[in-house]
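Please read the structure below before turning to the comments.
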Number of protein chains: 2
Amino acid sequence: MSDRIAASKTADKGATRADEVRLAIEEDIFLGRLRPGTRLDEESLAQRFSISRTPIREAILQLVHAGLVEKQPRQGAVVAPLKLHRMVQMFEVMSEIEGLCARFAARRMSEEEKQALKRLHDTSKAHMEARELDAYYAVNRSFHEAVQAGSHNEPLQEIARGLFARLAPYRRYQLNHPNRVHDSFTEHDDVVEAILAGDPEAAYAAMRRHVTIQIDIFTEFVSIMGGSEIQ
Amino acid sequence: MSDRIAASKTADKGATRADEVRLAIEEDIFLGRLRPGTRLDEESLAQRFSISRTPIREAILQLVHAGLVEKQPRQGAVVAPLKLHRMVQMFEVMSEIEGLCARFAARRMSEEEKQALKRLHDTSKAHMEARELDAYYAVNRSFHEAVQAGSHNEPLQEIARGLFARLAPYRRYQLNHPNRVHDSFTEHDDVVEAILAGDPEAAYAAMRRHVTIQIDIFTEFVSIMGGSEIQ
DNA sequence: TGTCCATCTCTTGTATACAGAGATGGGGGC
DNA sequence: GCCCCCATCTCTGTATACAAGAGATGGACA
């Protein structure tokens, strides 16, 4: 495999090997190269990154605490499989958290931030019209991050990021839903409008609705796929 | 010091040394034996618990990800000192999260859970009247945990627990505020009433108010103490 | 006397070695 | 033929040894 860690382009000023490994594995999970349920063997990871098990263990521990990996003492670590009911609970929280971000954002975003959000939104419109799914997905993420940052509340952002990271491997599926991209854009539209108008409660409601709709699509998706545990 | 880990009474079925150390340090921080800003030296901790540095490092990493400890590569770990503005932000989130818990709890608590909550509340009343501050503080924690559990949403509970843990070392101060215990009880009263009545919005509002008041007391406390960083 | 640089020490980061808990597979008993 | 038990083996948890960076300290020079 030879994934020499040098590949990591993040500013690794002072970063340790463990951090680099964590980022690499995180990315693997995020992009679906490591599916939920996959076992993380310390020895083979050590070989893959050409380092010892010690930093690998540290990286895994960090992932465990981020919720991306599950670990039982003496039984190793696996990429966290998400039980359906738990996933629904997470979306439930996510909708409230993102709603909260939007509410704060409506009150606190500077004029510059608002304009940047508007530009992002316009960009996503272009991607939607061009039917560029991957690009839309990427901008969509930036959009949500912009709103989260607009809350000007760091702990809240951390919570939102954490939930987003844990749901990301699944979130992607929904874009296959008929008309989802278009609907998603329309929902974003409501959010942007409310935030630009500085209307906290409208922003809250719009964002909450946007995320809640995703729950419905998921449960639908899962009920078609069957099975209560998504791998 | 000789803190032989055996002291930990938690069901350590399968728990590792690292877990035990984490719990011990967590408790130290929680109870104020380790003040924010204190340096966590791996070697001395290893000696204190009579184990090697490896599990100590793992424990510290876990604490870092819980937010209780801060760590910079090659510069060691310190018990996280909280900047004032960040603490206020955390309380801001906490009030929403706990409000959310209360809202869900009002809808979802079983009759047994409601009665248990009522009993807890009655116990705290006794402690208030007997002026037993420490006991009141302990029951207060249980009260909040009961409401969180009543939300029947595990990710939400985790978030709430995380915030609570990070704020706990500071939360304690407020009980010195004149009449705080009595007021706190009255606020709890509103929460209990709303939950028992199954009124989600009232429960949300009452809990949110309860936690918000704590923010005011904190900012007051801090403005008296001076300094933007509380050690 | 103050400042800057080199060295030294102390602490953290990483590697490796060892020990023990679970998993696994084969053999024996029913 | 099937199931249970035990030996073995693999992988995790812990200990210890080594490397390397950051800060401290002391001396030399301005």
Side-chain angles (χ1 to χ4, degrees), chain A residues 1-8 10-26 34 37-66 68-81, chain B residues 1-8 10-26 34 37-66 68-81:
Chain A
M1 281 234 180
S2 151
D3 268 74
R4 207 60 189 103
I5 305 180
S8 115
T10 42
D12 28 32
K13 175 66 181 158
T16 73
R17 307 286 164 85
D19 290 324
E20 294 167 356
V21 170
R22 177 179 56 78
L23 285 173
I25 298 179
E26 214 167 67
L34 279 174
T38 307
R39 174 143 194 177
L40 295 175
D41 178 67
E42 296 179 2
E43 186 57 41
S44 33
L45 283 171
Q47 285 178 14
R48 173 177 155 198
F49 291 107
S50 309
I51 56 178
S52 81
R53 277 177 49 223
T54 310
I56 299 286
R57 284 179 62 80
E58 301 209 343
I60 288 180
L61 271 184
Q62 295 184 46
L63 291 166
V64 167
H65 263 263
L68 285 170
V69 165
E70 277 175 13
K71 189 160 178 261
Q72 241 127 23
R74 304 196 177 277
Q75 291 181 209
V78 297
V79 178
Chain B
M1 281 237 179
S2 151
D3 269 72
R4 208 59 190 101
I5 306 179
S8 114
T10 42
D12 27 31
K13 176 64 182 159
T16 74
R17 308 284 166 85
D19 290 324
E20 295 166 356
V21 170
R22 176 179 55 78
L23 285 173
I25 298 179
E26 213 167 67
L34 279 175
T38 308
R39 175 145 194 175
L40 294 177
D41 178 67
E42 295 179 3
E43 187 57 42
S44 32
L45 283 171
Q47 284 177 14
R48 172 177 155 199
F49 291 107
S50 308
I51 57 178
S52 81
R53 277 177 49 223
T54 309
I56 299 287
R57 283 179 64 80
E58 300 209 344
I60 289 179
L61 271 185
Q62 296 185 45
L63 291 165
V64 167
H65 262 263
L68 284 170
V69 165
E70 279 175 10
K71 189 160 178 263
Q72 242 128 24
R74 301 189 184 280
Q75 292 180 214
V78 296
V79 180

Fill in: Letter per nucleotide, 5' to 3', of nucleotides 10-17 of chain C [B base touched, S only sugar-phosphate touched, - untouched; heavy atoms, 4.0 Å]
-SBBBBBB
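- For the atom pair CD of A:E42 and CG of A:L45, the computed distance is 8.0 Å after rounding to the nearest 0.5 Å.
- The CD atom of B:Q47 sits 10.5 Å away from atom CD1 of B:I56, with the distance rounded to the nearest 0.5 Å.
- One finds the CD atom of A:E26 at 9.0 Å from the CD atom of A:Q62 (value rounded to the nearest 0.5 Å).
- Between the NE2 atom in A:H65 and the CG atom in A:L68 there is a gap of 12.5 Å [rounded to 0.5 Å].
- The distance from the NZ atom of A:K71 to the CZ atom of A:R57 is 5.0 Å, given to the nearest 0.5 Å.
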